[in-house]
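Following: one structure in structure tokens, then a few remarks.
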2 protein chains.
Amino acid sequence: MVERKVTSVDVARRAGVSQSAVSRTFTPGASVSVATREKVLAAAQALGYRPNMLARGLITRTTGLVGVVVGDLGNPYHPILFESLASRLQDRGKRPLLVHVPPQGTADAAVFEVLQYQIDGIILVAGSFAEATARECLAIGTPVVLVGRGIGDEGAEKLVDTVSSDNAGGARLAVEALVAAGHRRIAFIAGRRDTHSNSERHSAFLQALARHGLEPAGEEEGSYSYEGGRAAAQRLLARSPLPEALFCANDLMALGALDALRAAGLDVPGEISVVGFDDIPMAAWPAYELTTLRQDVDGIVTHAVDLLEARLSDHGRTAEQVILDVTLVKRNSARL
Amino acid sequence: MVERKVTSVDVARRAGVSQSAVSRTFTPGASVSVATREKVLAAAQALGYRPNMLARGLITRTTGLVGVVVGDLGNPYHPILFESLASRLQDRGKRPLLVHVPPQGTADAAVFEVLQYQIDGIILVAGSFAEATARECLAIGTPVVLVGRGIGDEGAEKLVDTVSSDNAGGARLAVEALVAAGHRRIAFIAGRRDTHSNSERHSAFLQALARHGLEPAGEEEGSYSYEGGRAAAQRLLARSPLPEALFCANDLMALGALDALRAAGLDVPGEISVVGFDDIPMAAWPAYELTTLRQDVDGIVTHAVDLLEARLSDHGRTAEQVILDVTLVKRNSARL
DNA sequence: ATGAAAGCGCTAACAC
DNA sequence: GTGTTAGCGCTTTCAT
């Protein structure tokens with residue numbers, strides 16, 4: 001079965017028109033008479049013709065492909081964001097070309113690879129990124145938008161578009177609420193130390209505490225994972241006096257912490273409060289009822305795609321940094 | 001900043017060689033002398049040259065792109081499978097081109113769209129698929145492998161390669177274990193009725209019960225979601241006598257069921273047993289300790305990619321249907 | 001409105 | 001081993 005793919009020439013021949021006529025009927029906004037268009041469409045239909053996007057892209061220099069860098073899909077927040085992003089891109093007529101980066105992996109090498117596919121742009125929702133890589137992307141006219149992360153090398157802001165949640169505001173919200181409810185000994189469970197989100201949440205946490213003349217009642221790293229959160233909480237429980245509250249840099253760790261607290265026989269929120277970050281679906285499960293800071297996934301995705309398209313239609317525009325509000329969702333894991 | 005992309009011609013000029021020499025140094029297994037290769041590489045490096053995969057694909061008729069159809073990333077089993085698949089493809093030098101289908105969506109339209117990108121093959125881990133679509137893919141030489149699903153129209157087996165877990169075997173394992181432990185009134189919480197996996201799990205469940213002269217102690221649909229499982233369990237709890245065990249078509253529903261049972265004040269596994277299917281990470285969380293049937297994600301992904309590659313190197317080979325064992329993971333949600 | 005012709009950037013014969 | 005020459009399937013002038 002030696003199948004030859006059907007090309008515009010085949011269609012043209014069958015429709016009795018020129019090859020360019022075929023091209024025109026499949027090019028939005030080209031001038032073809034209804035008569036030819038009909039003939040072409042009929043022939044195309046009969047032959048099962050579909051334009052070759054590669055050949056088209058070679059000429060138009062736009063492929064509709066958007067590189068999407070993802071990773072750590074074990075953290076439920078990511079697939080949710082990713083799913084939303086994928087379907088939004090699709091709605092806008094773009095195709096996500098995936099790049100998976102392992103935890104702590106750098107995206108640079110993979111980015112160069114997808115660049116070969118002449119992608120129209122690239123959206124990073126995971127992985128880090130050297131400034132040089134960003135510059136190279138921009139140099140060849142490929143817009144980059146960073147979601148929930150900063151560029152590897154600090155000080156390179158204003159280079160690419162970014163959208164992220166107000167991590168600092170969220171941490172502040174958590175601390176204020178906790179303090180207002182009378183908590184004094186508040187500990188922090190950190191995410192991966194090398195992430196943008198963690199450092200923002202962490203330092204805002206520290207600052208907010210300081211504003212009340214408080215010091216953290218402990219800090220442990222939980223690497224953004226369930227197991228990490230659990231272990232971190234256990235370590236925190238070895239301290240005395242016990243913390244009165246735990247602020248976790250994400251929900252997954254908070255869930256792990258909650259389980260550790262329960263295993264230790266502690267009453268939540270009676271004896272200890274727990275606050276997370278993200279608002280993943282599990283946070284609402286009755287087994288946890290986690291109080292947390294909700295990220296506006298929909299808003300993040302919308303802005304990311306908008307930014308990309310804006311840049312696509314005006315390569316000269318200056319980079320924007322969008323920051324979206326987070327909201328405190330009060331459930332039952334914290335005495336507030 | 002009107003950036004012209006650097007092409008092989010630019011590199012050739014700078015290196016003082018022919019354009020084909022450049023092509024050859026970037027084509028694995030072509031004959032170039034070390035001398036020229038060096039010169040070319042140096043020039044390429046200096047200019048920041050990267051081969052254009054689109055142009056290459058136009059000629060070689062292979063792009064390295066693999067369409068991957070995903071959906072329902074809210075069920076933790078899917079992102080896990082998907083992440084594994086994406087990284088395995090990447091390791092094999094392929095690029096996942098994403099197609100997201102909404103729940104109950106059909107993949108056909110989207111498949112035709114990605115086909116325009118001259119993908120080398122297509123892997124479906126979500127969505128359904130008409131037989132006609134499959135035939136069309138095969139007709140143009142694009143291998144299709146179905147993961148964990150059958151083809152839409154029944155009776156079209158042997159058409160495409162498939163890999164899935166032994167759903168029937170898993171259901172049987174669950175029933176046998178439950179019955180052996182003395183359970184008699186066993187109810188079923190179904191996934192989406194229109195899925196391959198659910199019907200296999202369901203009918204094997206029924207058959208296994210029948211072999212013991214038993215009838216299901218109730219059946220409710222939970223649509224594979226947490227909320228669905230919760231609601232289904234609640235409905236089941238309205239019956240009397242109460243079921244002694246719940247077999248859930250996936251873990252997410254089982255978790256919802258567990259929470260419903262707890263809310264009703266039932267002791268698990270003292271008064272009622274719960275068994276799931278998948279073994280998602282949450283199943284192991286101390287809050288649930290769900291007994292479940294584990295799917296061999298790694299094996300599934302490996303076979304899927306192997307099948308795709310095998311088909312790629314021999315388009316004539318007959319379709320294979322791989323079925324992988326599942327294993328019963330005993331935790332604490334069932335008295336076994 | 002339509003056909004002819006010229007490439008887009010690359011690989012693959014084909015000579016040398 | 002290397003340059004020259006044809007295209008891959010398409011869009012886009014340029015005439016008509």
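No hydrogens, no waters, no symmetry mates; every other heavy atom, side chains included, goes into these values. Convention: sequence-line order gives letters A, B, ...; per-chain numbering from 1.
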Exercise. When you list every nucleotide of DNA chain C with an atom under 4.0 Å from a heavy atom of chain B, which one comes first 5' to 3', and which comes last?
Worked result: C/dG9 to C/dA13
Problem set entry | Distance-minimising heavy-atom pair for A/D10 and A/K5 | OD2-O, 3.8 Å
Exercise. Atom CG of B/L58 and atom P of D/dA6: how far apart are they, to the nearest Å?
Worked result: 18 Å
Exercise. D/dC10, D/dG3, D/dT4: which one has an atom nearest the side-chain heavy atoms of B/S20?
Worked result: D/dT4
Problem set entry | First encountered from the 5' end of DNA chain C, between B/R24 and B/I59 | B/I59
Exercise. Whole Å only: how far is the CZ atom of A/F26 from the P atom of D/dG9?
Worked result: 16 Å
Problem set entry | Atom pair CG (A/L307) and CG (A/D161), whose distance is rounded to the nearest 0.5 Å | 4.0 Å
For this session: Test the B/R149-B/F129 pair against the cation-pi criterion, namely NZ or CZ under 6.0 angstrom from the six-membered ring centroid and within 45° of the ring axis.
Result: no
Exercise. Within the structure, does a side-chain N or O atom of A/R61 lie under 4.0 Å from either OP1 or OP2 of D/dT11?
Worked result: no
Problem set entry | Side chain to side chain, B/V66 and B/R95, heavy atoms closer than 4.5 Å | no
For this session: Verify the contact: side-chain N or O of A/T7 to OP1 or OP2 of D/dG9, cut-off strictly under 4.0 Å; return yes or no.
Result: no
Seminar exercise, completed: A/R56 CZ to D/dC8 P, in whole Å, measures 19 Å
Exercise. What integer distance in Å separates B/Q118:CD from D/dC8:P?
Worked result: 14 Å
Exercise. Which part of the nucleic acid does A/S23 contact within heavy-atom distance under 4.0 Å: base, sugar-phosphate only, or nothing?
Worked result: base
For this session: Rounded off to whole Å, could you give me the CD-to-P distance for the A/Q19 and D/dT13 pair?
Result: 15 Å
Problem set entry | Closest to the A/N52 side chain, choosing from D/dT4, D/dC10, D/dG3 | D/dC10
For this session: Using the closest heavy atom to pick a nucleotide of DNA chain D for each, name whichever of A/Y49 or B/S18 lands nearer the 5' end.
Result: B/S18
Seminar exercise, completed: For A/F82, the ring-ring contact (aromatic ring centres under 6.0 Å, His included) test, sequence neighbours excluded, returns B/F82
Problem set entry | N or O in side chain of B/Y117 less than 4.0 angstrom from D/dG9 OP1/OP2 | no
For this session: Describe the nucleic acid contact of B/V17 in one word from base, sugar-phosphate, nothing, applying a heavy-atom distance below 4.0 Å.
Result: sugar-phosphate
Problem set entry | A/Y224 vs A/S197, side-chain hydrogen bond (donor to acceptor under 3.5 Å, both in side chains): CA-CA, chis, key distance, verdict | CA-CA 11 Å; A/Y224 277 146; A/S197 52; 2.8 Å; yes
Exercise. CZ of A/R50 to OG1 of A/T7: how many Å apart, nearest 0.5 Å?
Worked result: 15.0 Å
